[in-house]
Protein chains: 2
Amino acid sequence: MADALRTSRPTAAEVAYQRLRTMILDNHLPPGAQWLEAELALELGLSRTPVREAMLRLQQDGLVSVTPRHGMRVAAISPADMRDIYDVLESLEPKAAELLARRNLPEADLAPLLSACDAMETAIARQDRAAWAQADEGFHRGLAELCGNRRLAAMVMQVWDQSHRARMFTLNMRPLPERSTAEHRATLDAIRAGDAESAREMYRRHRQRGGAELIALIERSGLAWL
Amino acid sequence: MADALRTSRPTAAEVAYQRLRTMILDNHLPPGAQWLEAELALELGLSRTPVREAMLRLQQDGLVSVTPRHGMRVAAISPADMRDIYDVLESLEPKAAELLARRNLPEADLAPLLSACDAMETAIARQDRAAWAQADEGFHRGLAELCGNRRLAAMVMQVWDQSHRARMFTLNMRPLPERSTAEHRATLDAIRAGDAESAREMYRRHRQRGGAELIALIERSGLAWL
DNA sequence: GTGTGCGTCAACGCATGCATTGATGCGTGC
DNA sequence: GCACGCATCAATGCATGCGTTGACGCACAC
């Protein structure tokens with residue numbers, strides 16, 4: 001099934017969606033940038049139809065806003081947006097940790113989280129913020145995907161994507177996230193021990209602290225939009 | 001702005017989306033039903049293009065699944081889905097109550113919640129389950145919309161819609177939700193008092209109990225799919 | 001100089017045509 | 001009798017044409 005989907009050639013609309021999404025997340029289309037259907041179609045070598053479909057999907061993802069006659073505009077993230085996003089994550093991710101701990105999965109299935117934790121620790125030792133951020137993303141993605149609740153996972157990944165640019169932007173403004181790394185490890189240990197309550201609470205505090213720090217940082221830096 | 005949007009004639013795609021969505025929620029398109037693009041286009045008196053757009057939106061909403069060459073199939077909800085949905089609601093809605101309590105909105109802005117509570121109590125007195133369900137929906141919608149976090153609100157409404165049919169279906173199988181009504185009122189009082197902690201915890205317990213009851217009911221009734 | 005009204009045209013929403021694809025059923029070979 | 005393969009065709013994904021709409025600029029009146 002998954003294989004069938006993977007082997008069948010992706011549609012033009014899917015290609016347009018993935019390419020535009022990647023360009024937005026990587027900040028190749030900066031926030032505020034506006035693109036008309038016809039421009040993007042020309043750029044991507046497609047007709048307007050699949051591009052239009054991709055634009056609508058990106059709008060549902062909250063990455064762009066589409067206004068008739070003005071095309072799609074890459075959404076900027078304000079400090080208020082970040083607060084909203086972190087309130088959502090603070091609600092959903094601890095639940096994911098709790099659910100995952102309850103599942104008592106075999107150790108092997110937790111490999112993505114284990115290697116993400118290892119990678120974070122290595123990155124800290126090397127003071128490599130970019131690698132740390134990548135491992136951090138791996139941990140959160142793994143947690144969402146492994147928790148067994150697809151709806152919850154999709155929601156987490158949606159707001160995670162929305163805040164991707166902001167996280168990348170503030171990456172080098174923060175002290176080395178040593179404490180965050182330790183909190184991830186502790187959460188993982190609680191999950192491995194099957195201690196749902198403790199996993200949830202540990203993760204909730206992690207999220208709360210991390211979110212507050214990031215928002216304070218953004219506000220202090222005077223960045224109104226990212 | 002909102003007026004401008006409301007007065008401008010809705011697009012054909014929007015009409016198709018709203019009509020299909022309503023038909024699905026009202027169970028006029030039962031779960032499992034399959035429709036091809038061309039069939040729906042004929043039915044709705046539109047061309048395939050706007051119908052296709054509506055189908056894709058409904059898929060993102062989790063109300064249907066679209067398979068090439070098989071059209072869209074109205075999604076059925078399993079007990080496992082209900083569990084997932086209630087785990088999401090149990091995470092998000094208490095946060096909404098907390099956020100709303102923190103906002104300290106003027107009493108007038110809470111009118112939707114007040115009237116929903118009143119309507120629930122009236123419905124209980126009259127043993128009118130349909131009216132109760134409508135008031136319940138009004139309360140949850142009001143809570144989501146008033147909490148000030150649009151992302152959270154959209155997520156709550158999305159899973160709420162997904163579980164709409166299941167709730168309607170079990171409505172007459174449950175005892176009169178007197179306790180639930182009282183819990184709504186108590187949560188509202190905590191919100192009015194600006195007591196965020198208490199609003200969150202009260203609502204969390206309400207969700208937890210209500211969800212567990214509903215799922216137990218569905219499982220006991222042997223309904224595998226709704 | 002400023003505000004208003006109108007014309008123009010670009011962008012879009014929708015309809016439709018066409019090529020592609022994969023599901024279905026039949027025939028053939030084992 | 002069963003399985004495999006091929007032909008057929010329905011459904012779709014995409015391209016494109018067309019009519020509509022509203023944004024923008026210009027002219028004119030005040």
Side-chain angles (χ1 to χ4, degrees), chain A residues 1-24 29 31-75, chain B residues 1-24 29 31-75:
Chain A
M1 162 69 181
D3 259 329
L5 287 177
R6 216 176 300 132
T7 52
S8 75
R9 190 152 41 78
T11 63
E14 182 66 22
V15 171
Y17 172 74
Q18 293 296 347
R19 286 187 58 185
L20 290 175
R21 180 172 170 279
T22 304
M23 286 167 80
I24 292 169
L29 296 182
Q34 291 205 2
W35 293 84
L36 298 173
E37 285 182 8
E39 289 173 354
L40 288 174
L42 193 66
E43 184 84 12
L44 300 174
L46 301 166
S47 76
R48 280 172 45 220
T49 307
V51 170
R52 179 183 169 76
E53 189 176 317
M55 283 167 59
L56 293 174
R57 280 181 68 186
L58 291 167
Q59 181 173 44
Q60 292 215 9
D61 293 343
L63 291 177
V64 309
S65 66
V66 177
T67 329
R69 313 202 167 264
H70 293 278
M72 79 173 200
R73 164 189 282 260
V74 179
Chain B
M1 163 68 182
D3 259 329
L5 287 177
R6 215 176 300 133
T7 52
S8 75
R9 190 152 41 80
T11 64
E14 182 67 21
V15 170
Y17 172 73
Q18 293 296 347
R19 286 187 58 185
L20 290 175
R21 180 172 170 280
T22 303
M23 287 167 78
I24 292 168
L29 296 183
Q34 289 204 5
W35 293 84
L36 299 174
E37 288 182 6
E39 289 172 354
L40 288 174
L42 193 65
E43 183 86 11
L44 300 174
L46 301 166
S47 77
R48 281 173 44 222
T49 308
V51 169
R52 180 182 169 77
E53 189 176 317
M55 284 168 58
L56 293 174
R57 278 180 69 186
L58 291 167
Q59 182 173 43
Q60 293 217 9
D61 291 344
L63 292 178
V64 309
S65 67
V66 177
T67 328
R69 315 206 162 261
H70 294 278
M72 79 174 201
R73 162 188 283 261
V74 178

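- In this structure, CD of A:E14 is placed 18 Å from P of D:dT12, rounded to the nearest angstrom.
- Between the C1' atom of D:dA11 and the CD atom of B:Q34 lies a distance of 13 Å, rounded to the nearest Å.
- A straight line from CG of A:L36 to P of D:dG22 spans 17 Å, rounded to a whole angstrom.
- One can place CD of B:E37 at 15 Å from P of C:dT16, the figure rounded to the nearest angstrom.
- The nearest whole Å value for the distance from the CE atom in B:M72 to the P atom in D:dA11 is 16 Å.
- One distance of note links CG of A:L58 with CD of A:E53; it measures 11.0 Å at 0.5 Å rounding.
- B:M72 pairs with exactly one of B:L29, B:L36, B:L56 by the side-chain contact (heavy atoms from CB on, under 4.5 Å) rule, that one being B:L29.
- Put simply, the side chain of A:Y17 reaches to within 4.5 Å of the side chain of A:D61, judged on heavy atoms.
- Between A:G45 and B:W35, the residue whose closest nucleotide on DNA chain D is further toward the 5' end is B:W35.
- For the pair B:L20/B:L44, a side-chain contact is recorded, criterion being any heavy-atom separation below 4.5 Å from C-beta on.
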Under 3.5 Å between N/O atoms: give me all the protein pairs with nucleotides 22-25 of chain C, atom names plus distance.
unit_1 : atom_1 : unit_2 : atom_2 : d
C:dG22 : O4'    : B:R69  : NE     : 3.3

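- For the pair A:P31 and A:A75, the tightest heavy-atom approach, listed with the atom from each and the gap, is CB-O, 3.9 Å.
- When all heavy atoms are compared, the tightest approach of A:P50 to A:A12 is CB-C, 3.9 Å.
- DNA chain D lies under 4.0 Å from at least one heavy atom of each of the following residues of residues 47-62 of chain B: B:R48, B:R52.
- Using a 4.5 Å heavy-atom threshold, the side chains of B:R21 and B:L63 count as touching.
- Applying the salt bridge (charged side-chain N to carboxylate O under 4.0 Å, His left out) test to residues at least two apart or on different chains, the pairs with a partner in residues 34-46 of chain B are B:E37-B:R48, B:E37-B:R52.
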Would A:E14 and A:R57 count as a salt bridge (Lys or Arg N to Asp or Glu O under 4.0 Å) here? Give the steps. CA-CA 10 Å; A:E14 182 66 22; A:R57 280 181 68 186; 2.9 Å; yes
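- The distance between atom CD of B:E39 and atom P of D:dA11, rounded to the nearest whole Å, is 7 Å.
- Between the CG atom of A:L42 and the P atom of C:dC12 there is a distance of 14 Å, given to the nearest Å.
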